[in-house]
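Throughout, numbering of the chain's residues begins at 1 and tracks the sequence.
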Amino acid sequence: MPTTDATTAAATAATAVRIGRLEAPGATLHYEVRGRGPLLVMMPGGSADAGIYDTLAAGLADRWTVVAFDPRGYSRSTLHGPTGEQLPGTHSEDIARLIELLSPGGAPAAVFGSSSSAIVALDLLSRRPGLVGRVVAHEPPLVELLPDPAAGRAVFAAVRESFLRDGVEAAMATMAAGLVPEGGAGGGRYEAATGADEESRAATGPVEDGGATVPPEESGGASEAEAKGKAGAGAKAGTGAEAATVRRMMANLPVFLEHVLCSFSGHAPDLDALRAAAPKLVVGVGRDSRALLPAVAAERLAQRVGSATAEFPGGHVGLTEDPVAFGARLREVLLG
């Protein structure tokens, strides 16, 4: 029977971070690896980088080789030229390269993406389905799937214009206001229309987890990095390293707001390819954010491609609100 010291040493080794660099066309990518086992790629959304998954990755490293990374142009993943408009297809090719480099024996990987990175995960699944065995896409804000795509595009265009005119703080306030349905919680332009067209009604897929919907959060506008920063500010024992991680991710907000937000949210997914790969896909929706734009788009996606859905704790940024509970739910979905 292993001693306490041996057990502790094994646990420490499993969660130890191994850092790597990957050369990709136009960028050098920073990635971090924990654990042993099948590959699980954790894709940060919004302005976040690998640090957003520190707690989640450590909790899952007993079962998977968990890889987190900084998206190109963020934090420690440097571009080889000026920052330009970013496209989901370019970012999904980065994930494909990471999988090809790191997956043990070339086995298909599991992939988790949240918000903007969920859009990248969907693009990867549609274009390179052989690389993945399971994709969990948590609340991809795909405005082209909304009942009124033009209204969705206008929300994010207004956020970008607010940033260019008045800066980050104004842009985040514009986003927070834009994602809440007109009339507040419980009604309005985003909430009701799932299943409103014939294709949606015909393609409704299985639901992993039912249950009553609680009132939605009033603001889904904060990025994962901003939400992590707010959570850290209220913690009793924040460290210098944690504060540095938050500052690093917040520094990515200008790139996200100007070069990622509109091009990602306006992406039109390949629905035919996603239907063909639907058995590999689970669309995640936050328990507290079902009336907000990203969750409405996510549920319409699941209906149109016939994929499973899963409810996760918290709202749009639930992974930062309670990473332990969110990680436990993610484990269930990955193993389900």
Side-chain angles (χ1 to χ4, degrees), residues 39-41 43 45 71 85-100 103 106-153 155-156 190 192-208 260-285 290 293-311 333-334 336:
L39 187 65
L40 168 60
V41 181
M43 303 169 56
E85 197 70 5
Q86 299 297 300
L87 299 174
T90 304
H91 285 242
S92 73
E93 282 301 311
D94 289 342
I95 309 310
R97 292 183 183 93
L98 279 172
I99 293 172
E100 290 168 343
S103 184
V111 175
F112 172 78
S114 180
S115 193
S116 58
S117 69
I119 295 170
V120 179
L122 293 168
D123 187 76
L124 175 69
L125 177 60
S126 67
R127 301 203 305 167
R128 305 288 298 275
L131 289 179
V132 295
R134 174 62 61 94
V135 170
V136 181
H138 183 262
E139 296 201 356
L142 290 162
V143 299
E144 298 305 314
L145 301 184
L146 293 173
D148 185 353
R153 288 192 294 270
V155 167
F156 292 121
Y190 303 132
T194 54
D197 53 48
E198 290 298 326
E199 187 175 16
S200 292
R201 283 193 290 271
T204 301
V207 177
E208 286 193 9
V260 174
L261 178 64
C262 289
S263 56
F264 277 48
S265 62
H267 175 69
D270 185 337
L271 297 178
D272 289 336
L274 291 175
R275 285 190 195 97
K280 298 182 176 184
L281 175 62
V282 178
V283 176
V285 178
R290 286 185 177 272
L293 182 156
V296 171
E299 292 193 294
R300 288 177 68 83
L301 169 70
Q303 290 171 344
R304 293 186 68 173
V305 305
S307 74
T309 63
E311 185 176 86
V333 172
L334 290 171

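Atoms CG and CZ, from Leu87 and Phe264 in turn, are 7.5 Å apart once rounded to the nearest 0.5 Å. Atom-to-atom distance recorded for Glu93:CD and Leu98:CG is 11.5 Å, nearest 0.5 angstrom. The CZ atom of Arg300 sits 11.5 Å away from atom CD of Glu144, with the distance rounded to the nearest 0.5 Å. Rounding to the nearest 0.5 Å gives a distance of 10.5 Å between CG of Leu145 and CD of Gln303. To the nearest 0.5 Å, the span separating CD1 on Ile95 from CZ on Arg127 amounts to 12.0 Å. Interatomic distance, Ile119 CD1 to Ser265 OG, rounded to the nearest 0.5 Å: 6.5 Å.
Between the side chains of Ser92 and Asp123, a donor-acceptor pair is found at a separation under 3.5 Å. Gln86 and His91 share a donor-acceptor pair across their side chains, judged by distance under 3.5 Å alone.
Residues Leu293 and Leu146 form a side-chain contact, since some pair of their non-hydrogen atoms from C-beta on lies under 4.5 Å apart. A 4.5 Å side-chain heavy-atom check between Leu274 and Ser126 finds at least one atom pair inside the cut-off. No side-chain heavy atom of Ser115 sits under 4.5 Å from any side-chain heavy atom of Glu139. No side-chain heavy atom of Leu125 sits less than 4.5 Å from a side-chain heavy atom of Leu131. In this structure, Arg153 and Val143 have side chains that are in contact, with non-hydrogen atoms separated by less than 4.5 Å. In this structure, Glu299 and Val285 have side chains that are in contact, with non-hydrogen atoms separated by less than 4.5 Å.
When all heavy atoms are compared, the tightest approach of Ala298 to Val283 is O-CG1, 3.4 Å. Between Pro88 and Ser263, the shortest heavy-atom distance links the atoms CD-O, 4.1 Å. Heavy atoms only, all atoms of each residue included: Ala297 and Pro140 are closest at CB-O, 3.7 Å. In terms of heavy-atom proximity, Ser116 sits nearest to Pro141 at N-CD, 4.1 Å. Of all the heavy atoms in Pro129 and Lys280, the pair that sits closest is O-NZ, 2.7 Å. Taking both residues in full, the closest heavy atoms of Gly306 and Ala278 are given as O-CB, 3.9 Å, listed atom of the first, atom of the second, then distance.
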Step by step, would you call Val305 with Leu281 a side-chain contact (heavy atoms from CB on, under 4.5 Å)?
CA-CA 9 Å; Val305 305; Leu281 175 62; 4.1 Å; yes
Intermediate values then yes/no, side-chain contact (heavy atoms from CB on, under 4.5 Å), Val120 and Met43
CA-CA 9 Å; Val120 179; Met43 303 169 56; 3.3 Å; yes
What verdict does the side-chain contact (heavy atoms from CB on, under 4.5 Å) test give for Leu271 and Leu301, after you've listed the backbone C-alpha separation in whole Å, the side-chain angles of each residue and the deciding distance to 0.1 Å?
CA-CA 8 Å; Leu271 297 178; Leu301 169 70; 4.0 Å; yes
Quick one, Val282 with Val135, criterion side-chain contact (heavy atoms from CB on, under 4.5 Å). Give me CA distance, side-chain angles, the key distance, then yes/no.
CA-CA 6 Å; Val282 178; Val135 170; over 6 Å; no
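Between Glu100 and Arg128 there is a salt bridge, since at least one side-chain N of the basic residue sits less than 4.0 Å from a carboxylate O of the acidic one.
Val111 pairs in a side-chain contact (heavy atoms from CB on, under 4.5 Å) with only one of the listed residues (Ile99, Val136, Leu40, Leu122), which is Ile99.
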